[in-house]
Amino acid sequence: MRFGGPPSVCASLPPHMRDRYDPLEIEPRWQERWKQANAFRLKGGRPKLYVLEMLPYPSGRIHMGHVRNYSIGDALARFRRMQGFDVLHPMGWDAFGLPAENAAIKQKTHPARWTWSNIAHMRSQLRRMGYSYDWDREVATCHAGYYRWQQSIFIRMFEKGLVYRKGGSVNYCPKDATVLANEQVVGGRCWRCGTGVEERDLEQWFVRITDYAERLLEGLDTLEGCWPDAIVTMQRNWIGKSVGCEIRFPLEASLDGQAEIAVFTTRPDTLFGVTSLSLAAEHPMALPLARQGGHEDDVRAFAQRARKAGAQAREAGEVPIEGVSTGAFARHPLTGERLPVYVASFVLMQYGTGAVMAVPAHDSRDFVLARTLGLPVKVVIQPPEGPLDPATMMDAYEGPGTMAASAGFDGLPSEEGKLAVIEELERQGKGRKAVRFRIRDWLISRQRFWGAPIPMLYCERCGIVPEREDRLPIILPEDVEFTGVGGSPLAQHPTFTKAECPRCSGPARRETDTMDTFVDSSWYFLRYLSPRYEKGPVDPGAAAALMPIDQYIGGAEHATGHLIYSRFFHRMLRDMGIVPANLPEEPFTRLVCQGMVCMFCGREGCGRVHAMSKSHGNLVEPDAIYEKYGADTARVFILFAGPTDKDIDWTDTGVEGAHRFLQRVWRYVGDNLEALKAAGPVDPTIAAATPARRALRRITHQTIRRVETDIERFQANTAISAIMELVNAMYAFSPADDGDRAVQREAVDVVVQALSPFAPHLADELFSQLGGEGFLIDRPWPRFDADAAREDLLEIPVQVNGKLRGRITAEREEGEDAIKARALGEPNVAAHLAGRPVKKVVYVPGKIVSIVV
RNA sequence: GCCGGCGUGGCGAAAUGGCAGACGCGGCGGACUCAAAAUCCGCUCUCCGCAAGGUGGUGUCGGUUCGACUCCGACCGCCGGCACCA
């Protein structure tokens with residue numbers, strides 16, 4: 001029996017014989033009780049709060065990054081529950097994806113088997129960490145009950161023209177044998193396997209996210225201050241809005257009815273500095289113009305070379321600036337000047353119009369090209385520092401200035417000049433204001449098996465047709481062999497591809513591509529609201545009651561992928577009426593990104609610290625930690641190691657320190673249990689009767705406030721420090737009578753409650769030993785008493801000329817003049833004044849006295 | 001190259017423009033012990049000093065201020081993102 005026998009016997013035992021802190025016994029016991037009681041469900045009748053952590057990919061086991069992410073979220077969720085919020089705190093699985101398929105090939109099994117067994121294991125690991133999830137809301141994206149609704153959304157998107165098929169150059173990973181979205185190409189390599197990405201011409205499914213570019217950009221303004229600055233900036237850059245104009249340059253000789261070349265520029269003010277045009281190698285007019293100009297072979301060879309070199313050089317970060325003449329000419333739209341047309345290596349077909357006007361004096365790439373090809377350089381913007389000389393310029397001048405050699409525009413500042421030139425072009429019908437975005441449409445089809453099937457059919461008579469809603473879900477077949485050769489198993493399946501056209505009932509071929517897994521994770525947070533809802537993807541009532549997400553927590557690596565896709569999806573579903581229109585556009589009101597968990601590199605001779613990973617040989621398995629120290633220790637360590645947004649180093653000594661702290665709390669309660677249980681409630685008058693009581697009460701109540709504010713600003717490290725200080729103060733306090741013991745008991749209660757968001761098992765166990773009923777998560781957060789927290793004597797430092805020279809103690813109520821006078825009279829201060837005349841005395845109430853001589 | 005972030009003890013770190021280094025780790029000392037471990041208590045930025053006290057100190061240089069780790073400007077270093085986006 002715990003704490004069995006008469007207290008005298010217990011107290012007389014040597015410390016090691018008394019009940020030891022045994023998290024391995026305590027933690028599973030409380031986890032079972034929480035489960036039995038459904039402790040983490042919504043309660044109703046309180047203000048809602050949606051706390052969400054990014055859902056994991058079920059790779060097989062949780063890692064320290066998960067532990068950090070989820071410990072941060074759980075601390076907040078539990079704290080808010082204690083504060084009286086109805087906290088929605090769900091968890092699920094981003095369960096489609098390539099690793100399952102690779103495992104299936106290796107183990108000759110089905111990806112579903114591998115995935116579901118991983119989920120089962122990881123779920124038990126998360127339960128073992130004691131996180132306060134409502135597991136009844138669990139969602140797995142590979143479950144037909146989930147992707148059925150995603151297929152339904154896809155069809156709605158198709159009907160609205162938000163998803164379409166398009167041919168053209170796409171990113172292709174030869175190792176994973178599938179295409180990739182732009183966001184999945186990292187430094188020219190596949191985000192998953194690191195293989196160099198190739199360009200291929202294929203027809204694929206795209207989502208028209210560019211339609212939402214402007215709204216996604218505007219929304220970022222409302223997130224300012226609520227999301228990390230870095231993420232907002234990264235998204236802004238990724239969307240990449242450029243305001244400028246499209247200008248049409250007439251061709252000298254028209255070509256198959258095409259009489260002009262359109263370019264996009266953000267610098268119409270430099271229009272009079274144009275000395276040539278440059279086309280992308282893939283530009284549809286490049287070859288025809290070259291044919292016309294008699295340079296077909298040159299241009300063809302150049303285009304081929306550029307494309308091949310392009311992919312490799314781009315990944316190395318260096319593509320040489322080169323160009324080749326087409327032999328054709330265009331005319332300047334305002335001056336009629338003759339301009340040669342080139343094909344240039346750095347012009348991208350995917351951006352703008354695939355053609356640029358070359359202004360060598362004011363664009364560094366055009367400058368390099370002009371110098372290599374011996375083209376003229378015309379200065380049309382003069383910088384404020386003084387005029388430029390085209391003959392001696394070493395580089396382009398890209399800054400602002402005054403327009404020159406620009407017909408009627410001379411003397412205009414470049415900013416005004418932009419507008420003036422656009423106006424003139426519009427008047428003459430030769431161009432117009434235009435806005436371009438860097439973000440491209442989202443390529444969402446994948447030539448893989450383990451993903452949500454795209455619910456589309458190809459009918460010989462009707463063309464591309466969506467599947468009928470009542471035939472959803474299109475389920476992934478189970479009778480599939482994973483050989484790893486010959487492309488997607490779906491395409492090779494004997495019956496999957498055979499279907500009936502919903503329109504004409506004729507034979508149709510089923511689409512065998514599946515959706516990018518980022519589609520799955522773009523709306524999962526909505527499915528949590530009504531995970532088994534049968535009438536649609538989301539129950540509108542639940543969405544209205546529970547959205548938006550008040551706090552989202554996850555890794556910064558999703559800045560330009562998941563976090564943009566989800567913002568897009570939420571807007572789109574809102575526009576479709578699937579999400580109620582009175583909800584805000586932004587799904588994630590606040591966002592916090594946790595830093596990485598790092599450790600000294602395991603490889604010999606490396607000597608550096610980096611993120612934990614298998615390849616660095618510095619993995620610490622969460623299982624090993626909670627089996628040795630318990631989940632509470634793991635949680636406290638990882639939260640105490642540093643502020644949420646910074647990287648932290650895993651150290652064994654740090655883990656032991658965290659464990660020692662929990663033991664110290666445990667021991668204090670155990671050693672004083674009978675007295676604590678017998679203690680009465682605090683009476684403010686009695687509690688204020690002695691300085692020692694006042695001091696302990698003061699730090700007790702200061703701790704309440706500190707922990708509150710620190711959790712709110714995601715600094716669990718300082719919240720835990722504050723609790724440590726209170727524990728130290730408790731150890732220093734020796735109670736002598738009932739008045740003392742009431743104050744001591746209050747301090748212990750606050751420690752236990754304040755600790756519960758971080759070390760919930762230990763806290764609930766101590767709470768129960770102290771006579772508490774139920775779970776701390778259902779108890780109100782301790783009430784802060786400002787009177788008790790207030791310092792009764794102020795210690796005020798005194799500075800002379802900015803240097804600390806002494807300190808005085810003052811009563812709260814003491815007047816400014818009296819404090820200043822005593823500051824001047826303080827012996828050490830007086831010595832430093834040394835009779836010099838005092839110029840000024842500043843008193844910041846309660847803070848400091850500053851004397852200037 | 002552009003954008004963003006960060007530079008504080010032996011280490012992780014703390015500090016709304018107001019006492020730099022809370023809290024923890026490590027180290028040193030003490031108590032307990034036959035002893036060790038565990039635990040509890042104390043000390044632990046630098047230099048001068050027996051001490052009182054003083055000196056210097058938050059990457060570097062400058063500025064604003066009675067007062068700057070904190071705000072502003074320039075630079076150096078590290079980390080992250082984007083990278084021919086016209």
Side-chain angles (χ1 to χ4, degrees), chain A residues 14-16 20 186-188 228-234 236-238 240-242 244 263-267 270 278 310 313-314 317-321 344-348 350-359 362-366 368 398 436-440 556-557 559-560 595-596 610 637 640-643 645-658 660-661 663-664 667 706 709 715 717-725 727-728 731-732 795-807 828 831-832 839-844 846-853:
Chain A
H16 69 273
R20 281 195 42 247
V186 182
D229 291 345
I231 307 284
V232 172
T233 313
M234 278 160 81
R236 248 188 216 121
N237 294 341
W238 190 264
K241 180 178 180 174
S242 301
V263 305
F264 173 73
T265 181
T266 55
R267 294 295 304 271
T270 65
S278 301
R314 219 161 284 163
E318 273 302 307
V319 179
I321 289 171
S345 59
F346 60 88
V347 182
L348 304 172
Q350 305 97 300
Y351 187 78
T353 60
V356 300
M357 60 184 211
V359 186
H362 305 294
D363 180 286
S364 63
R365 297 154 304 181
D366 297 339
V368 173
E398 296 182 332
R436 289 292 130 115
F437 293 93
R438 204 200 75 122
I439 191 172
R440 313 241 213 276
E557 68 273 21
T560 52
M596 293 183 299
H610 22 222
F637 166 72
F640 184 66
D645 53 340
K646 285 179 101 183
D647 290 353
I648 56 169
D649 293 335
W650 184 274
T651 62
D652 293 342
T653 51
V655 178
E656 271 162 26
R660 204 148 46 215
F661 166 62
Q663 267 179 328
R664 191 167 150 87
R667 200 177 312 115
R706 283 173 69 185
T709 54
Q715 292 218 7
N717 55 331
T718 48
I720 293 168
S721 317
I723 302 170
M724 286 172 169
E725 285 180 63
V727 171
N728 290 343
Y731 268 90
E795 195 172 69
I796 297 173
V798 184
Q799 291 181 341
V800 178
N801 282 351
K803 286 198 198 308
L804 179 73
R805 292 307 180 188
R807 56 191 80 225
N828 198 42
H832 280 91
K839 280 195 201 144
K840 195 172 173 185
V841 181
V842 181
Y843 173 58
V844 183
K847 292 275 190 196
I848 204 163
V849 177
S850 185
I851 301 166
V852 193
V853 295

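Here is the naming used below: chain letters follow the sequence lines, and residue numbers restart at 1 for every chain.
Summary of the strand contacts: A:A732 and A:G354 both lie near RNA chain B, and taking for each the nucleotide with the nearest heavy atom, the more 5' one is attributed to A:A732.
Here A:S850 contributes atom OG and A:K840 contributes atom NZ; the two are 8.5 Å apart, rounded to the nearest 0.5 Å. Distance check, rounded to the nearest 0.5 Å: CD of A:E398 to NE2 of A:H362 gives 10.0 Å.
Spacing of C1' atoms, B:rG57 relative to B:rA68, comes out at 14 Å, to the nearest Å. Atom name C1', nucleotides B:rC45 and B:rC69: the rounded distance is 15 Å, in whole Å. Rounded to whole Å, the separation between the P atoms of B:rG4 and B:rC72 comes to 13 Å. Separation of the P atoms belonging to B:rA14 and B:rC23 is 14 Å when rounded to the nearest angstrom. Separating the C1' atom of B:rC47 from that of B:rG42 is a span of 24 Å, rounded to the nearest Å.
Remark: A:N728 pairs with A:R664 by the side-chain hydrogen bond (donor to acceptor under 3.5 Å, both in side chains) rule, at least two apart or across chains.
Contact annotation: A:N728 reaches the phosphate of B:rG24 (side-chain N/O to OP1 or OP2, under 4.0 Å). Within the structure, every side-chain polar atom (N or O) of A:Q663 is placed at least 4.0 Å from both OP1 and OP2 of B:rA38. The side chain of A:R664 places an N or O atom within less than 4.0 Å of a non-bridging phosphate oxygen (OP1 or OP2) of B:rC41. Considering only side-chain N and O atoms, A:R236 lies nowhere under 4.0 angstrom from the phosphate OP1 or OP2 of B:rG81. Taking 4.0 angstrom as the limit, A:N717 places a side-chain polar atom (N or O) nearer than this to OP1 or OP2 of B:rA14. The side chain of A:R438 contributes no N or O atom lying less than 4.0 Å from OP1 or OP2 of B:rA86. In this structure, A:R440 does not reach the B:rC85 phosphate: none of its side-chain N or O atoms is under 4.0 Å from OP1 or OP2. Between A:S242 and B:rA86, a side-chain N or O to OP1/OP2 separation shorter than 4.0 Å is present. Within the structure, every side-chain polar atom (N or O) of A:R706 is placed at least 4.0 Å from both OP1 and OP2 of B:rC23. Taking only side-chain nitrogens and oxygens, A:K803 comes nearer than 4.0 Å to OP1 or OP2 of B:rG56. Close to B:rC85, at under 4.0 Å from its OP1 or OP2, lies no side-chain N or O of A:N237. Proximity of A:R660 to the phosphate of B:rA38: no side-chain N or O atom is located under 4.0 Å from OP1 or OP2.
For A:T718 (side chain) and A:S721 (main-chain N/O), no donor-acceptor pair under 3.5 Å exists by modelled atom type.
Comparing B:rA22, B:rA13, B:rC82 by their nearest atom to the side chain of A:P643 picks out B:rA13. Considering only the side chain of A:F640, B:rG24 comes nearest among B:rG24, B:rG4, B:rG54. Set against B:rC66, B:rG24, B:rA86, the side chain of A:S850 has B:rC66 as its closest nucleotide. Comparing B:rC40, B:rA14, B:rA86 by their closest approach to the side chain of A:R667 singles out B:rC40. With B:rC19, B:rU55, B:rC66 as the choices, the nucleotide that has an atom nearest any side-chain atom of A:K840 turns out to be B:rC66.
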Chi angles and distances behind the side-chain contact (heavy atoms from CB on, under 4.5 Å) call for A:Q799, A:K803: CA-CA 5 Å; A:Q799 291 181 341; A:K803 286 198 198 308; over 6 Å; no

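On a pure distance criterion of 3.5 Å, no polar donor-acceptor pair joins the side chain of A:T653 and the base of B:rC25.
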